[in-house]
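Worksheet: the structure to be examined is printed underneath.
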Amino acid sequence: MNEWMKKSPLEWQDYVYKEVRVTASEKNEYKGWVLTTDPVSANIVLVNFLEDGTVAVTGVMGHAVQTVETLNEDNQEVREKLMHMFMPEESKAYNPEDLEKRKISLKSWLEKNHIPITEQGESQSTLCVAGVLTIEPPYGPEDCSSSNEIILSRVQDLIQGHLTTSQ
Amino acid sequence: KQAPIPIPVPVIRLPRGPDGTSRGFCAARGRDRAGSVAEVAEQQARAALRERYLRSILAMVGRPVHFTLHERVQVDAHFGATDLDVANFHVSQLQTPLGVQGEALLRCADIISYSFQL
């Protein structure tokens, strides 16, 4: 395992938003702004903003990285762009009555599908499925949290189906 | 008389770290023991970095991706998926020097870099 792969997450995080030059196996060289380093594989994701407006994304595999040299420490404009890259669009704001309606509607749909569901939290705004999955407002498929992949996938499909038919 | 059916135990699969032996997360830290400040900071960094990486992978799905492999081999394909440990890339329409392969699994150990455009 090379030096890069042995670094800690905090060291990898230190490179985020910086412009670097990465040398890799077989004399390959890459330059770009660091979006992230995967803590599992140590793959570095570099971003370059091309003149024609397109964005080029390059992933250098962790096992191939030889050196990483910082070229540029901070560029506020680049930082802003990288922060929002790949992030989902801001969800539109719902008022409390709409959220309550969505919650009730989803709850009865899940109950019809024989899914044990309860309301939780101080304001009873969180839905809890079988004690292993929670759904936060605004109760879309992306608002589910669970450590059980199978239940997560099933519930997400049900919510998606519910949203499609009720629209 | 039938033996009672065992109740399935929930399993959390966490990816391994790059060294191949760790689970990527500190196994010694119990659920009911809060980590030290340093441990928490490291774990937060790990989670933030991983989330960004997963989102970048998600953005690649279905897009044409260019791969640089060993021995100066370059190939293009449509990205499909990767696995939990980022050990393999599942691609389709892989354009190789010998022709187009409908579906293929590229071992990440064979890849030096990959790139795509937005």
Side-chain angles (χ1 to χ4, degrees), chain A residues 1-2 4-16 22 24-30 32 34-50 52-66 82-83 85-88 131-132 146-151, chain B residues 8 10-25 38-39 41-60 63 65-74 79 82-87 89 107-118:
Chain A
M1 201 172 45
N2 59 44
W4 177 252
M5 294 174 84
K6 288 187 210 156
K7 286 189 190 293
S8 77
L10 289 166
E11 288 175 285
W12 285 323
Q13 194 175 52
D14 202 42
Y15 285 93
V16 176
V22 178
S25 317
E26 298 184 7
K27 303 206 173 78
N28 284 290
E29 238 182 56
Y30 305 91
V34 178
L35 176 72
T36 187
T37 296
D38 178 34
V40 173
S41 58
N43 294 352
I44 307 176
V45 182
L46 300 174
V47 175
N48 280 291
F49 301 97
L50 305 177
D52 58 0
T54 55
V55 180
V57 183
T58 303
V60 185
M61 307 305 278
H63 66 78
V65 172
Q66 287 168 348
L82 292 180
M83 254 192 240
M85 194 157 281
F86 306 133
M87 292 305 284
V132 295
S146 176
S147 55
N148 186 313
E149 307 156 15
I150 297 171
I151 294 186
Chain B
V11 175
I12 300 176
R13 287 177 58 235
L14 297 174
R16 298 183 184 282
D19 60 11
T21 54
S22 78
R23 296 294 327 186
F25 300 86
E39 279 178 344
E42 183 176 298
Q43 188 49 36
Q44 281 178 336
R46 204 189 286 275
L49 291 169
R50 178 69 170 169
E51 187 189 332
R52 272 220 185 151
Y53 187 71
L54 292 176
R55 289 195 188 278
S56 76
I57 290 287
L58 207 57
M60 269 204 319
R63 286 185 196 267
V65 179
H66 183 82
F67 293 93
T68 300
L69 309 178
H70 290 295
E71 308 283 334
R72 306 234 155 265
V73 176
Q74 314 258 342
F79 180 74
T82 180
D83 51 23
L84 194 60
D85 301 312
V86 198
F89 278 7
R107 289 182 309 189
C108 288
D110 295 336
I111 303 172
I112 294 176
S113 70
Y114 60 88
S115 64
F116 65 104
Q117 292 201 332
L118 292 173

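Excluded from the calculations below are hydrogen atoms, water molecules and symmetry mates; all remaining heavy atoms, backbone and side chain alike, are included. Residue numbers start from 1 in every chain, and the chains themselves are labelled A, B, ... in the order their sequence lines are given, proteins ahead of strands.
- In terms of heavy-atom proximity, A:Leu50 sits nearest to B:Gln117 at CD1-NE2, 3.3 Å.
- Summarising the geometry of B:Arg55 relative to A:Phe86, their closest heavy-atom pair is CD-O, 3.6 Å, with the distance given to 0.1 Å.
- Of the two parts of A:Ile150, neither the backbone nor the side chain holds a non-hydrogen atom closer than 4.5 Å to a non-hydrogen atom of chain B.
- For A:Glu11, there are no salt bridge (charged side-chain N to carboxylate O under 4.0 Å, His left out) partners, not counting sequence neighbours.
- Contacts of A:Val60 with chain B are made by both backbone and side-chain atoms, with heavy-atom separations under 4.5 Å.
- In terms of modelled atom types and a separation under 3.5 Å, the side chain of B:Arg50 and the main chain of A:Val40 share no donor-acceptor contact.
- With 3.5 Å as the limit, one finds a donor-acceptor pair spanning the side chains of A:Tyr30 and B:Ser113.
- Contact detail for A:His63 and B:Ala109: the closest heavy-atom pair is CE1-O, 3.4 Å.
- Of the atoms belonging to A:Val16, it is side-chain heavy atoms, and not backbone ones, that fall under 4.5 Å from chain B.
- No side-chain heavy atom of A:Ser41 sits less than 4.5 Å from a side-chain heavy atom of B:Asp85.
- The shortest side-chain heavy-atom distance between B:Tyr53 and A:Val45 falls under the 4.5 Å cut-off.
- Considering only residues two or more places apart in sequence or on other chains, B:Arg72 meets the salt bridge (charged side-chain N to carboxylate O under 4.0 Å, His left out) condition with none of them.
- For a residue to count as touching a neighbouring chain, one of its non-hydrogen atoms must lie under 4.5 Å from one of that chain's; by this rule B:His70 touches chain A with backbone and side chain alike.
- In this structure, A:Thr36 contributes its side chain and B:Leu49 its backbone to a donor-acceptor pair below 3.5 Å.
- For the pair B:Leu69 and A:Glu26, the tightest heavy-atom approach, listed with the atom from each and the gap, is O-OE1, 4.1 Å.
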